[in-house]
Engineer: 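Dumping the structure here so I can ask a few things about it.
All values below were derived from every heavy atom in this structure, side-chain atoms included, with hydrogens, water molecules and symmetry-related copies excluded. In this text the structure is predicted, and so the values were computed from the model without any measurement. Whatever order the structure lists them in is the order used to number ligands and atoms, beginning at 1. Residue indices begin at 1 and follow the sequence shown.
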Amino acid sequence: MKSLLLTCAALICSGALMAQKAPQLRADNIEDVLKAMTLEEKANLVVGVGMGGFSDKPVIGSTASIVPGAAGTTKPIPQLGIPAIVLADGPAGVRINTQRQFDHHYYYATHFPIGTSLSSTWNLQLVQQVGNAMGEEDRDYGVEVQLAPALGLMRNPLCGRNFEYYSEDPVLSGNIAAAYVKGVQDLGIGTSIKHFAFNNQETQRMGNDVHVSQRAARELYLKNFQICVEKAQPWTVMSSYNLVNGTMTSERRDLLTTILRDEWGFKGLVMTDWFGGMDPVRRGKKADRVANIIAGNDLIEPGTEQDSKEIVAAVNSGKLDIKYLDTCVRRVLELVVKTRRFVGYAYNNQPDLVKHAQVTRQAAAEGTVLLLNKHMLPLTNVKHVALYGNASYDLIAGGTGSGNVNRAYTISLVEGMRNAGCHVDETVINQYSPYLDEYYKKNPKPGPLDLRALVLPEEMELDVTPEQVAQNDVAIVTLSRVSGEGKDRTESHYNLTQKERDLLQKVCKAYHQAGKKVVVVLNVGGVMETASWKDLPDAILLPWQCGQEIGNSIADLLMGVSTPSGKLPMSWPIDINDDPSTKNFPAHTVGYDIDTFNRDASKDVNVKNVGYTNYEEDIYVGYRYYDTFKKPVSYPFGYGLSYTTFSYKDLKLTDKGNRILVNITITNTGNRAGKEVAEVYVSAPRGTVEKPEQELKAFAKTRILQPNEHETLTMEVKKADLASFVTSQSAWMVDAGIYTFKVGTSSRDIKESASLKVKAMKHKVHNVLAPQVKLNVLTQK
Ligand code: BGC
């Protein structure tokens with residue numbers, strides 16, 4: 001008995017000693033904690049926790065106990081003082097569940113404008129402010145890393161996720177993303193810029209192999225990420241689902257370490273996209289976690305117990321050098337110690353939703369693009385309006401999938417116009433209500449987490465009665481499209497349907513005959529065909545899907561409370577087939593309907609634009625193509641009208657050694673207050689490689705200018721940023737010669753230009769990411 005007691009006492013003492021010895025994580029003892037961790041603990045820490053339901057095997061744990069509805073967490077290791085931290089979507093606001101068990105409170109978040117709407121503002125300060133407001137909601141709901149911004153390049157107008165993305169141009173996209181990141185991170189909340197990289201289509205997104213030249217990769221698809229990393233140092237990066245030139249991005253050390261960290265100086269953590277790294281096409285969903293770790297993909301989100309076991313086994317067998325695992329663990333710990341949760345921040349679950357509704361309402365108005373205005377807008381002396389088109393009664397706040405937000409409400413156009421003091425025609429409402437009610441009874445709207453896009457009813461055959469025309473001052477026709485994660489758009493999604501054309505014709509004819517005007521509102525997440533019908537209405541307003549205040553934001557613009565100052569962040573072609581990437585985009589894979597989760601993906605390996613996609617348009621994406629090959633467009637890149645007019649003068653270039661300052665004075669020459677964007681395009685001299693006609697190198701937006709007021713904008717272009725990527729030398733090269741700087745209000749409307757001589761420069765980088773197949777790339781030759 002005595003000896004038993006002694007043994008127990010000894011055991012208790014040694015346990016206490018061990019507990020004493022186990023270091024508790026602090027910001028300054030990461031190495032000690034790392035040393036104290038067992039191999040199993042390390043392998044657990046790099047495999048995160050997340051939502052279930054989409055994986056073959058159950059994921060470890062769930063986020064339910066911390067922030068229900070968040071996309072995931074890291075794993076806690078309590079004995080070392082390592083808490084779990086929370087990761088939540090996304091680019092238009094915090095995506096969490098609105099309801100919790102045993103709790104009657106609603107946890108709504110603000111639905112801010114979609115990415116495309118934010119970039120259409122061309123206003124870095126405003127985007128930073130929106131980022132800040134989102135960051136406040138993350139902070140108040142206990143989220144440590146926001147899985148945003150999304151900044152994939154818009155390669156083709158039909159990518160299902162373009163609505164989350166910013167632009168076809170890397171300079172616009174990278175700078176908008178950097179402003180967003182600063183806005184969120186200023187509050188001590190992290191971001192995860194995504195999806196790194198080449199996620200430019202949704203069709204077979206987990207197994208599509210992007211075949212791209214090193215030049216297009218460097219100048220376009222990586223450039224936006226580079227700008228964002230160098231300017232804003234996001235806390236984390238999310239690798240993409242797809243492969244590039246034969247290898248999954250999450251397994252490419254050349255991408256995640258050589259380029260991202262060694263060349264660009266990224267200091268944070270890389271995580272997979274959710275259940276990423278599988279390659280269902282070539283490997284039947286067999287992730288290679290060892291390859292992820294070696295590549296520098298530090299966190300698997302979310303993973304399985306099997307993933308951790310494989311990592312342990314690989315270290316034990318010598319297949320995985322522990323130094324790679326230690327590097328990933330270190331980065332997870334470095335992230336954890338930066339968070340508010342780690343320092344015990346008491347979040348209150350009470351974000352200021354009223355304040356943020358104002359932020360989204362203003363940002364939405366500034367991201368709206370006025371495409372056409374034949375002396376119609378702003379509406380003056382208008383009291384009675386008739387609203388046509390399904391979407392007038394069911395405006396779409398944002399896209400579907402993880403970029404959606406569980407908002408409390410969406411302001412409809414009826415509410416928005418009524419709030420603005422207008423009378424909305426009840427006879428038209430009475431035609432639409434039963435039709436829409438009936439449709440939604442039969443086709444319930446998908447839940448916010450449903451990756452499939454909501455399908456709107458077809459436009460109904462409606463009577464535009466003489467009474468309606470007589471009673472109303474103007475007609476508003478709203479046309480909409482929903483797009484989202486998991487599915488690309490098709491050519492018919494891009495074109496108007498026959499029923500939409502009929503509606504437009506009918507309304508325009510009836511109102512025009514009475515000398516009254518018609519405005520079309522485009523409530524869409526991406527580019528639409530406009531060339532064939534834009535002569536019909538008197539004005540076209542493009543508010544995109546600009547968040548929960550959309551009805552109010554549109555009314556503010558129509559009634560002249562705000563003046564539009566948005567500019568297109570992408571080109572609007574005449575025909576979708578004018579775009580050189582369309583022939584290598586899933587839209588043309590006839591009869592193929594992707595069902596990412598349920599189809600036998602192994603059949604896709606040789607299916608063009610599904611198993612693999614050739615980026616044959618190469619560097620000629622968007623306006624780089626249209627402007628170089630002199631192709632007409634419906635609306636050019638950078639285009640957008642205002643209710644006032646502006647003059648541009650005194651363009652001045654100042655050589656400051658390794659940078660060039662660009663000054664331009666913009667004066668409001670009209671009779672309403674407004675803001676204007678200056679877009680700086682540069683044409684390079686002939687040189688080592690062929691070059692696009694011009695490229696956006698800088699931009700800036702004025703403050704609100706009153707009539708006759710002016711502002712001198714100063715922008716900066718680094719000489720190194722005039723370089724092209726020369727693949728044969730693996731170098732960024734600035735050719736010596738005369739560079740023309742053109743300041744315009746779109747890529748096709750240049751107001752002032754000036755030239756400057758620049759000396760040759762060369763900056764060598766690593767020769768990585770080479771294509772494995774020969775690409776038949778587009779050239780000017
Ligand atoms: C999306 C990511 C998102 C993640 C977590 C994925 O399906 O591609 O953008 O952050 O889910 O919700």
Engineer: What are the atoms of ligand 1, with element, lying closer than 4.0 Å to any heavy atom of His195?
Structural biologist: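 Within the 4.0 Å cut-off of His195, ligand 1 contributes 2 (C), 8 (O), 9 (O).
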Engineer: Considering only residues two or more places apart or on different chains, which pairs with a residue in residues 158-175 satisfy salt bridge (charged side-chain N to carboxylate O under 4.0 Å, His left out)?
Structural biologist: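 Counting only pairs at least two positions apart or across chains, the salt bridge (charged side-chain N to carboxylate O under 4.0 Å, His left out) contacts touching residues 158-175 are Arg161-Glu164, Arg161-Glu485, Asp169-Arg624.
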Engineer: Please list, in number order, the atoms of ligand 1 under 4.0 Å from a heavy atom of Ser402.
Structural biologist: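 Near Ser402, meaning under 4.0 Å from one of its heavy atoms, ligand 1 has 1 (C), 2 (C), 3 (C), 9 (O), 12 (O).
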Engineer: Between Glu144 and Arg341, is the closest basic N to carboxylate O distance under 4.0 Å?
Structural biologist: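 Salt bridge: yes.
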Engineer: Can you list the ligand 1 atoms lying under 4.0 Å from a non-hydrogen atom of Arg95?
Structural biologist: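 So the atoms of ligand 1 that pass are 12 (O).
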Engineer: For Asp89, is at least one N or O under 3.5 Å away from an N or O on ligand 1?
Structural biologist: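 Yes; at least one N/O pair falls below 3.5 Å.
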Engineer: Should the proximity of Arg205 to ligand 1, defined as any heavy atom under 4.0 Å, be assigned to the side chain, the backbone, both, or neither?
Structural biologist: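 Side chain only; the backbone of Arg205 stays clear of ligand 1.
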Engineer: Take every heavy atom of Glu301, measure it against each atom of ligand 1, and state whether any distance is under 4.0 Å.
Structural biologist: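 No, Glu301 has no heavy atoms under 4.0 Å from ligand 1.
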Engineer: Closer than 4.0 Å to some heavy atom of Glu485 - which atoms of ligand 1 meet that?
Structural biologist: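 Here the atoms of ligand 1 in question are 1 (C), 6 (C), 7 (O), 8 (O).
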Engineer: May I ask you to check if Arg155 and Tyr615 form a cation-pi contact, with NZ or CZ under 6.0 angstrom from the six-membered ring centre and within 45° of the axis?
Structural biologist: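 Positive - Arg155 is close enough to the ring of Tyr615 and near enough to its axis.
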Engineer: Check this for me, if you would: do Glu137 and Arg407 make a salt bridge, where the nitrogen-to-carboxylate-oxygen distance has to be below 4.0 angstrom?
Structural biologist: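 Looking at Glu137 and Arg407, the cut-off is not met.
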Engineer: From the options Thr304, Asp307, Asn297, select the one residue that forms a side chain to side chain donor-acceptor pair (under 3.5 Å) with Arg289.
Structural biologist: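 Among the candidates, only Asp307 passes.
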Engineer: Need the ligand 1 atom indices (1-based, order shown) with element for anything under 4.0 Å from a heavy-atom of Met238.
Structural biologist: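 Listed by number with element, the hits are 10 (O).
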Engineer: Which atoms of ligand 1 have any heavy atom of Lys194 under 4.0 Å away?
Structural biologist: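 Contacts of ligand 1 toward Lys194, numbered from 1: 2 (C), 3 (C), 9 (O), 10 (O).
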Engineer: Output the list of atoms in ligand 1 that are nearer than 4.0 Å to some heavy atom of Ala71, sorted by atom number.
Structural biologist: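 It comes down to these atoms of ligand 1: 5 (C), 12 (O).
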Engineer: With a cut-off of 4.0 Å, which atoms of ligand 1 are near a heavy atom of Asp273?
Structural biologist: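 Atoms satisfying the 4.0 Å criterion: 1 (C), 2 (C), 3 (C), 4 (C), 6 (C), 8 (O), 11 (O).
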Engineer: For ligand 1, is Phe275 a contact, meaning one of its heavy atoms is under 4.0 Å away?
Structural biologist: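 It does not, in that no heavy atom of Phe275 comes within the 4.0 Å cut-off of ligand 1.
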Engineer: Only pairs at least two apart or in different chains count here, so list each salt bridge (charged side-chain N to carboxylate O under 4.0 Å, His left out) that has a residue in residues 175-198.
Structural biologist: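 Found Asp89-Lys194.
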Engineer: Would Arg100 and Tyr107 count as a cation-pi pair here, with the cationic atom under 6.0 angstrom from the ring centre and within 45° of the axis?
Structural biologist: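 Satisfied, under 6.0 Å and within 45°.
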Engineer: Check Glu334 with Lys267, please: is the shortest side-chain N to carboxylate O separation under 4.0 Å?
Structural biologist: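 Looking at Lys267 and Glu334, the cut-off is not met.
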